[in-house]
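No hydrogens, no waters, no symmetry mates; every other heavy atom, side chains included, goes into these values. Residue numbering restarts at 1 for every chain, and letters A, B, ... go by the order of the sequence lines. Predicted model, so just to flag it, every value in this text is computed and none were measured.
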Number of protein chains: 2
Amino acid sequence: MNKKGLAILMRTKMRPLPPAAIKRVNQMEVPPQENSNVVSSTPNASINPPRDFEQVRDSMHSAILMNKTEILDAALSEFCEGYFSLSKENRRKLVLTLAREYDLDRIQVRELMKQYLGLELPIGEKAQHSSGQQEELSLSAFYRIERNLRHALKPNYEVLFERLNTHPGGLKFLSDIRADILSFLAEENFPSLRALDSYLKEKLGTWLSPANLELHNITWDDPASLLEKIVAYEAVHPISSLLDLKRRLGVGRRCFGYLHPAIPGEPLIFIEVALMKDVAETIQEVLWDDPPIPECEATCALFYSISSTQPGLSGINLGKFLIKRVIDVVKKDMPIISTFATLSPIPGYMQWLLSKLASAEISGPTFRENLLKQEEEGALVDAAVEFSSSKNGMEVMKYLLTSTNYEWTKSAKIISVLRPPMMRLCARYLLQEKKRGKALDSVANFHLQNGARLCSVM
Amino acid sequence: MNKKGLAILMRTKMRPLPPAAIKRVNQMEVPPQENSNVVSSTPNASINPPRDFEQVRDSMHSAILMNKTEILDAALSEFCEGYFSLSKENRRKLVLTLAREYDLDRIQVRELMKQYLGLELPIGEKAQHSSGQQEELSLSAFYRIERNLRHALKPNYEVLFERLNTHPGGLKFLSDIRADILSFLAEENFPSLRALDSYLKEKLGTWLSPANLELHNITWDDPASLLEKIVAYEAVHPISSLLDLKRRLGVGRRCFGYLHPAIPGEPLIFIEVALMKDVAETIQEVLWDDPPIPECEATCALFYSISSTQPGLSGINLGKFLIKRVIDVVKKDMPIISTFATLSPIPGYMQWLLSKLASAEISGPTFRENLLKQEEEGALVDAAVEFSSSKNGMEVMKYLLTSTNYEWTKSAKIISVLRPPMMRLCARYLLQEKKRGKALDSVANFHLQNGARLCSVM
């Protein structure tokens, strides 16, 4: 890094953005209401002179309707700059205008549907799939109307999205405007805006497909402007100082990010890896000051943090592909590494466990499910006698887990009897509790869907 | 370039691929029947052992139906390798299987349509666009079914395309397989395969959107493996020798290519630029051995060649964006350059002119359009008296333009009288002759759609 870059970095505030602004990939499905304050400050609104609502709306109309190259470029630039110079209220009004006035043509859609329903399905089609030459020809009309319908079902605002995507800075703008839209939707549900968001999300997902992203090994030699982003967006284990940042990129650690050619110098998502002898049991083992072992002795790569930098890409799973590619790179670089693991929080466990304990309390003794084994219950009741006089293990457990100052955590005895049932129930929570076929826990679902397996290292 | 790179380059055959294999961007809409021989030799089929048709078909089925990450990756790799080890006949059979068996579910589509047609359009919608809160809510059901229909109208083979796109080497494979499909379609029209091709083309167009491409200034310092591609694919003015290649990248010239992160080391399209004092009148002025002026004196950038390297991207206009970006880069680098021009062939002019002359011949003297002005006709009949005794200017013109050895081109007099009507009629051909609102000439249409203007430098 050159001197100037370092000087800039030294001045960089070493505090991450407000926690509410940052979304872990693992929690990307969480509603984005907390983002609004950040999003509106992200684009440099202060540099651009404020515009009237009408002025920006007109540039939006031109950006959709114009065809002359020069005028179109000017309109797109004007719209991008103008949008974030508007007040929040006017931005909301503008995206609603876009969603409503540039919706699709329902009359045309209905017309095509009627034509389609008027066609006779070939006999083979009705049963299963057909392959005859004759039947193929009779499907021509289907192919034609299906193609036309696919086009008719595209809302007219797609033109604006497509044009922005090919306009310099437009892809980043689309991500910023989506973050804005998500914050509006969190405040109030507008079906037309919800439909626009879902459409935009799908487009962004296509444009940001992993084939279009470049894997970059982020090191201390990278420009300060890029490293600054790592400091700002590290969401799992905040980076506290310049020294801390240097350590995250130093011996025994790796950091990889996905960059898109149209958004240079800003990783969309990045992951931090620690090279270890064995899978760590606690995060403290990973956040060392000095590497515990030389890199050549490492046999385990531990993914200890993954952070997404763009709130507007919420719901687009880039982490899955990033992890896969990083595993390939690490394997190739250091063939001795054979274990790849993650050290992740389990954000939903406590809530699930407490609700299980509460529902056991409500049910009568005959019907309630005993979450504890007999020997676990006995040991717990005995160990916790100074905290609770109850003879019911589940009551004791609930009392301990909801106590205000967790006095019991000072008792080695309670910890040792509480650990086995807590671990057992956690395994059940992670592996058996499902919602629509997915793991109930959002972090567990993220990792299991990416191909991870669960096993206990205790 | 390192020594090894140079050694490889020295061995590179300095002949381009057979001309039929190469498609100029300007002519990208031409049916691709000539490509078949090249396409089948492009992927390195010889390295992979040949497979049975059934074996490759099974890997294709797995690649679509599997969900387990490891198995899926193996199936995709197996399919990519296996496909090009098949005979042409089996490849055709396989893509037809894909088009027919993984088509969309028409029963589901019809079901959704019936639901949609059962909905009552809000009153505002029937007239023009609505914006009321109440009407918005009543549109919720429309948004939902429209979204479901968009998904139902996606053929099932989209899964394969999407998965290949994120698979290493998959994007290049998709481009290769499309080139193959285009060659099958040129031999025989299969409606199902035509529908698949049109779908694949649209997907490729999205993935290869200019925002996903990197502009690269190709120089003599680039790897031999990349420069080799420039030699092989230069379609307009073949590169004859190593020295010729070095000149194209040397003083007074520029070469820019679009690269995609997933297809490294191979520009998808590239353009060659000459820096001139003025717009050149002939291509010979551009293909100099020594630069006619120092670069600092250049005020004109002349685009003299643009070549696409992927037959499978036929119909996807990357040239438009490439030219736009190159103009920006050159303007920024050399602000003194103010004229940007192209020196292009006019491939359809002669055919158009001859058909005009022929139809004049057929029509009676009363109705025929006289293409020549009176003074042009007189001068032409007089000048060409030794070649044709006709007193009809158009007959003389036709005779000269269709004569087998073009003896008349040795006559300065004929050239001087033929030039004014030829130039005038050419301007009319370029500017006024349209087909579906586009310039009839494919090259003219390419440039005019990109924002070029036409003016005579004579």
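Surrounding NZ of A:Lys332 are at most 12 heavy atoms belonging to other residues, nucleotides or ligands under 6.0 Å away.
The two atoms that bring A:Ala211 and B:His260 nearest to each other are O-CE1, 3.1 Å, heavy atoms only. Here the closest heavy-atom approach between residue B:Leu153 and residue A:Arg150 is recorded as O-NH1, 2.5 Å. In this structure, A:Leu117 and B:Met113 approach most closely via the heavy-atom pair CD1-CB, 4.1 Å. Between B:Arg110 and A:Leu119 the shortest heavy-atom distance is NH1-O, 3.3 Å. For the pair A:Asn212 and B:Trp207, the tightest heavy-atom approach, listed with the atom from each and the gap, is OD1-O, 3.3 Å. Across all their heavy atoms, B:Asn165 and A:Ser209 have their closest contact at ND2-OG, 2.9 Å.
Contact annotation for A:Asp73: only side-chain heavy atoms (C-beta onward) come within less than 4.5 Å of a heavy atom of chain B. With a 4.5 Å cut-off on non-hydrogen atoms, A:Ser198 touches chain B through its side chain but not through its backbone. Contact annotation for B:Leu193: only backbone heavy atoms (N, CA, C, O) come within less than 4.5 Å of a heavy atom of chain A. At a 4.5 Å heavy-atom cutoff, A:Leu196 makes no contact with chain B through either its backbone or its side chain. Of the atoms belonging to B:Ile263, not a single heavy atom falls under 4.5 Å from chain A.
Chosen from A:Ser192, A:Pro210, A:Ser140, the residue pairing most often with chain B at heavy-atom distances under 4.5 Å is A:Ser192. The candidate with the highest count of non-hydrogen atom pairs below 4.5 Å against chain B, out of A:Ala262, A:Pro191, A:Pro261, is A:Pro191.
The pair A:Lys154-B:Glu202 meets the salt-bridge criterion, with a side-chain N (NZ, NE, NH1 or NH2) lying under 4.0 Å from an Asp/Glu carboxylate O.
Atom-to-atom distance recorded for A:Leu139:CG and B:Phe190:CZ is 14.5 Å, nearest 0.5 angstrom. Interatomic distance, A:Thr166 OG1 to B:Lys320 NZ, rounded to the nearest 0.5 Å: 8.0 Å.
Put simply, the side chain of A:Tyr116 reaches to within 4.5 Å of the side chain of B:Arg106, judged on heavy atoms.
Within the 3.5 Å criterion, the main-chain N or O of A:Ala195 finds no donor-acceptor partner in the side chain of B:Arg147.
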